[in-house]
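The structure under discussion appears below in the form of structure tokens.
Whatever order the structure lists ligands and atoms in, that order sets their numbers, starting from 1. Just so it is clear, the values below take in all heavy atoms, side chains as well, and ignore hydrogens, waters and symmetry mates. Predicted model, so just to flag it, every value in this text is computed and none were measured.
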Amino acid sequence: MMPQMYVVLAGGTGGSRFVSGLAAVVGQPQVTVIANVADDDEFYGLHISPDIDSHIYALAGALDFKRGWGIRGDRFNFMQAGLRFGGQDWFNIGDRDLATHHARTRWLGEGLSLTAATERLTEAFGVKARILPATDDYLRSSVVTPAGRFSFQEYLVKRHAADRVKAHELDGLEKARPTIQVLDAIDGASAIFIAPSNPVASIGPILALPGMCDALARAKAKVIAVSPIIAGAALQPPTAEMMSGLGLEVTAPSVARLYAHLADAFVFDRLDAEHAEEIRASGLEAHAVDTIMRNGQGRKRVASAALRAAGIGAVRRSGRGPT
Ligand code: FO1
């Protein structure tokens, strides 16, 4: 029997919590992450891939889960030392995190694809899950606000997601394509999950890639989406800010409608149980569960609920992977 392969479309923080929970339940070798790369940016001439790194660090048990990014216990000596030369002071890159970006940039400079560089980073961290960039092509989110057009990191980190969002744009979309590894993963998946990430800035750039939605529509596997919105609020910025700026209601049914053309089922929080009918009306099976992922137990619970929605019993794997 072919080993099960569970594919997760995911962005950063909320996404890596779900991925960690899934890996803890089914085992890392059975997990393939299709990671958003539109948050990528350049600092100190280095290629930063925040969403890819949050999955690597989370699965390696090294993620600072409180912050949701970077390596737990990392120091910021390089950043501090750089300030005296007028270095940037707002995007905080830890010293150990810096080594990751340096290695990725070195390998990209040697001609490796982002997929190949990510495979080396994943292996170096002893992570057994596959982490696939959604595309190896240039694809970057820009956020248009009344104060101007900013890169995603400038909008989110430097300006604290305080600007009203008028538009979200994807630079490079006309040429960007899903990688063959991503298309193969979708084709061979036993189940496909859309993680509780920002539907606009994290899942959106993955789905916007030409051919991605067709691949998901052709997939034999059930597609299960998990809501990032609980009782009208999101775990952290800028999900709610970007949805409302773009005229989307910040509710679970609103997210369900965004995925209704792709997904078969929608897992959302029991605080939104009253919306189950509305979610079913968009053509999705509705599964109301406790979706709060405060700790390892919570992450496994949400992953198990998503597996059940996919018709797969939650395989109990005690003590494997980061809790
Ligand atoms: N987020 C912040 O709010 N402040 C930071 O200084 C910051 C630094 C940072 C460095 C590396 C990295 O991989 C992520 C970092 N993030 C920071 C998080 C990042 O902005 C978000 O993880 C994603 O782009 C959103 O999913």
Below the 3.5 angstrom mark, is there an N/O of [X], backbone or side chain, next to an N/O of ligand 1?
{"X": "Q153", "value": "yes"}
{"X": "D97", "value": "no"}
{"X": "S202", "value": "no"}
{"X": "D51", "value": "yes"}
{"X": "W69", "value": "yes"}

[X]: numbered ligand 1 atoms lying under 4.0 Å from its heavy atoms:
{"X": "F152", "result": "24 (O), 25 (C)"}
{"X": "N92", "result": "5 (C), 6 (O), 8 (C), 9 (C), 10 (C)"}
{"X": "D39", "result": "23 (C), 24 (O), 25 (C), 26 (O)"}

### Task
Report the residue from D184, L183, T179 that forms a side chain to side chain contact (heavy atoms under 4.5 Å, CB included) with Q181.
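Testing Q181 for a side chain to side chain contact (heavy atoms under 4.5 Å, CB included) against D184, L183, T179 leaves exactly one candidate, T179.
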
### Task
Identify, for atom 22 (O) of ligand 1, the protein heavy atom at the shortest distance, and state residue, atom and that distance.
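Ranking protein heavy atoms by distance from atom 22 (O) of ligand 1, first comes P50 CB, 4.0 Å.
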
### Summary
closest protein heavy atom to atom 4 (N) of ligand 1 is V157 CG1, 3.4 Å

#### Entry: Parallel, tilted or perpendicular: ring planes of F266 versus F268, cut at 30 and 60 degrees
parallel

### Query
Side chain, backbone, both or neither: which part of W90 comes within less than 4.0 Å of ligand 1 when only heavy atoms are counted?
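The answer is the backbone of W90.
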
### Query
Sub-3.5 Å donor-acceptor pair from the side chain of D269 to the main-chain atoms of D272, do we have one?
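Pair absent, no side-chain N/O of D269 close to backbone of D272.
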
### Task
Would you indicate whether the side-chain heavy atoms of T32 and V8 approach each other to under 4.5 Å?
no

### Query
Is the Lys NZ or Arg CZ of R299 less than 6.0 Å from the centre of F65's six-membered ring, within 45° of the axis?
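Yes, cation above the ring, under 6.0 Å and within 45°.
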
#### Entry: Heavy atoms of other groups near R270 CZ, more than 12 under 6.0 Å
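Check fails, neighbour count at 12 or below.
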
#### Entry: Short side-chain donor-acceptor distance under 3.5 Å, T100 and Y57
yes

### Basic-acidic side-chain contact under 4.0 Å: E169, R149
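Counted as a salt bridge, because a side-chain N and a carboxylate O are separated by less than 4.0 Å.
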
